Protein chains: 2
Amino acid sequence: MKTREDYNCPLELTHDMIRGKWKPIILWQLGKGSSSLIDLQKSIHGIGQKMLIEHLKELQEFGMVDKNQFEGYPLRVEYFLTLRGRRMLDVINAMQQIGIELMVEDGKNEILREKGLL
Amino acid sequence: MKTREDYNCPLELTHDMIRGKWKPIILWQLGKGSSSLIDLQKSIHGIGQKMLIEHLKELQEFGMVDKNQFEGYPLRVEYFLTLRGRRMLDVINAMQQIGIELMVEDGKNEILREKGLL
DNA sequence: CAGCATCCGATCTGATACTG
DNA sequence: CAGTATCAGATCGGATGCTG
């Protein structure tokens with residue numbers, strides 16, 4: 001599998017780092033604060049456990065996310081953004097901003113307000 | 001197929017707009033100036049004609065790219081970024097910038113210099 | 001030169017069931 | 001609660017040949 005060091009095109013590298021249906025929204029959520037797996041899943045509408053874990057794993061491989069594991073039962077982990085993950089929020093925020101503008105053009109202000117984005 | 005008006009999440013909307021292996025680099029190239037199909041293909045290393053046309057079509061559907069058709073033979077078209085496409089360059093540039101930083105961390109300055117990115 | 005049709009393997013996604 | 005395994009359908013990507 002392709003790792004970070006294999007890339008010779010910066011745009012391709014970054015694009016691959018956020019590729020996949022759920023990566024941007026996961027980064028966005030973690031940008032709001034560390035989170036357990038279950039809370040992350042609850043906060044991302046529609047995502048399944050498999051996809052969540054799989055995408056988290058890839059985000060970790062690219063050094064954008066890390067986790068703390070706590071001992072004892074019930075099991076508990078805490079996922080959080082690394083410095084590099086925070087850096088990627090520049091891109092995520094820009095994406096979010098453009099999406100908001102387009103949705104406003106489409107008269108979706110109400111939906112955005114419900115989500116606290118407007 | 002999902003069109004722009006179907007989205008209720010701004011991040012998902014923008015992410016889908018640049019989804020696919022070649023979309024960011026196509027936008028990047030067109031950001032440097034209008035281009036014919038063949039010149040676009042020549043400037044994007046590794047892309048095939050099918051993928052190029054397919055991705056251009058999707059970029060057009062999302063209103064980021066448009067084209068002029070000229071009469072006569074040989075056929076000639078000119079693809080260019082719309083205002084909305086230019087707006088998306090904010091995201092593309094942010095992606096490019098992060099990618100460059102990561103490649104510098106990996107000691108790939110030489111490759112970047114060859115491409116005129118450093 | 002610009003663009004379409006077809007075919008096929010690779011990859012992605014999601015549902016379900018299971019383990020520690 | 002956190003994480004793994006399996007399987008099937010959908011989508012993506014690329015090679016090739018053809019049309020105007």
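Just so it is clear: chains get the letters A, B, ... in the order the sequence lines come, proteins before strands, and each one is counted from 1. Predicted model only: the values in this text are computed from it and were never measured. For the numbers below, each heavy atom of this structure counts, side chains included, while hydrogens, waters and symmetry mates do not.
Non-hydrogen atoms lying under 4.0 Å from DNA chain C are contributed by Ser36(B), Leu37(B), Ile38(B), all within residues 31-40 of chain B.
Between the P atom of dG3(D) and the CD atom of Glu58(A) lies a distance of 15 Å, rounded to the nearest Å. Rounded to whole angstrom, the span from the NZ atom of Lys21(B) across to the P atom of dG13(D) amounts to 8 Å. Distance, Lys2(A) NZ to dT11(C) P: 12 Å, rounded to whole Å. Atom pair His55(A):NE2 and dC12(C):P shows a separation of 8 Å (rounding to whole Å applied). When the C1' atom of dT11(D) is taken as reference, atom CD of Glu54(B) falls 11 Å away, rounded to whole Å. Atom P of nucleotide dA2(D) and atom CZ of Phe70(A) are separated by 11 Å, given to the nearest angstrom. Atoms CG (Leu52(A)) and P (dT13(C)) sit 13 Å apart, rounded to a whole Å. If you measure from atom CD1 of Ile53(B) to atom C1' of dT16(D), you get 14 Å, rounded to the nearest angstrom.
Here Lys57(A) reaches the OP1 or OP2 of dT4(D): one of its side-chain N or O atoms lies under 4.0 Å away. Residue Arg76(B) places none of its side-chain N or O atoms closer than 4.0 Å to OP1 or OP2 of dG3(C). Close to dG3(C), at under 4.0 Å from its OP1 or OP2, lies a side-chain N or O of Lys67(B). Within the structure, every side-chain polar atom (N or O) of Tyr79(B) is placed at least 4.0 Å from both OP1 and OP2 of dC1(C).
Of the options Arg84(A), Arg4(A), Arg87(A), a salt bridge (charged side-chain N to carboxylate O under 4.0 Å, His left out) to Glu101(B) is made by Arg87(A) and by none of the others.
The nearest pair of heavy atoms linking Lys2(A) to Glu12(A) is NZ-OE2, 3.1 Å. Residues Met17(B) and Leu59(B) share a closest heavy-atom pair of O-CD2, 3.9 Å.
The shortest side-chain heavy-atom distance between Thr3(A) and Asp6(A) falls under the 4.5 Å cut-off. A 4.5 Å side-chain heavy-atom check between Met64(B) and Leu81(B) finds every atom pair outside the cut-off.
Taking the side chain of Leu75(B) as heavy atoms from C-beta on, and the options dC1(C), dG20(C), dC4(C), the nearest nucleotide is dC1(C). Relative to the side chain of Gln69(B), the nucleotides dC4(C), dG3(C), dG20(D) differ in distance, and dG3(C) lies closest. Picking from dA2(C), dT13(C), dC12(D) the nucleotide with the shortest atom distance to the side chain of Val77(B) gives dA2(C). Set against dC4(C), dT4(D), dG13(D), the side chain of Gln49(A) has dT4(D) as its closest nucleotide.
Atom CE in Met88(A) sits 10.5 Å away from atom NZ in Lys23(A) (nearest 0.5 Å).
Scored by the salt bridge (Lys or Arg N to Asp or Glu O under 4.0 Å) test, Glu110(B) finds Arg113(B) as partners (sequence neighbours excluded).
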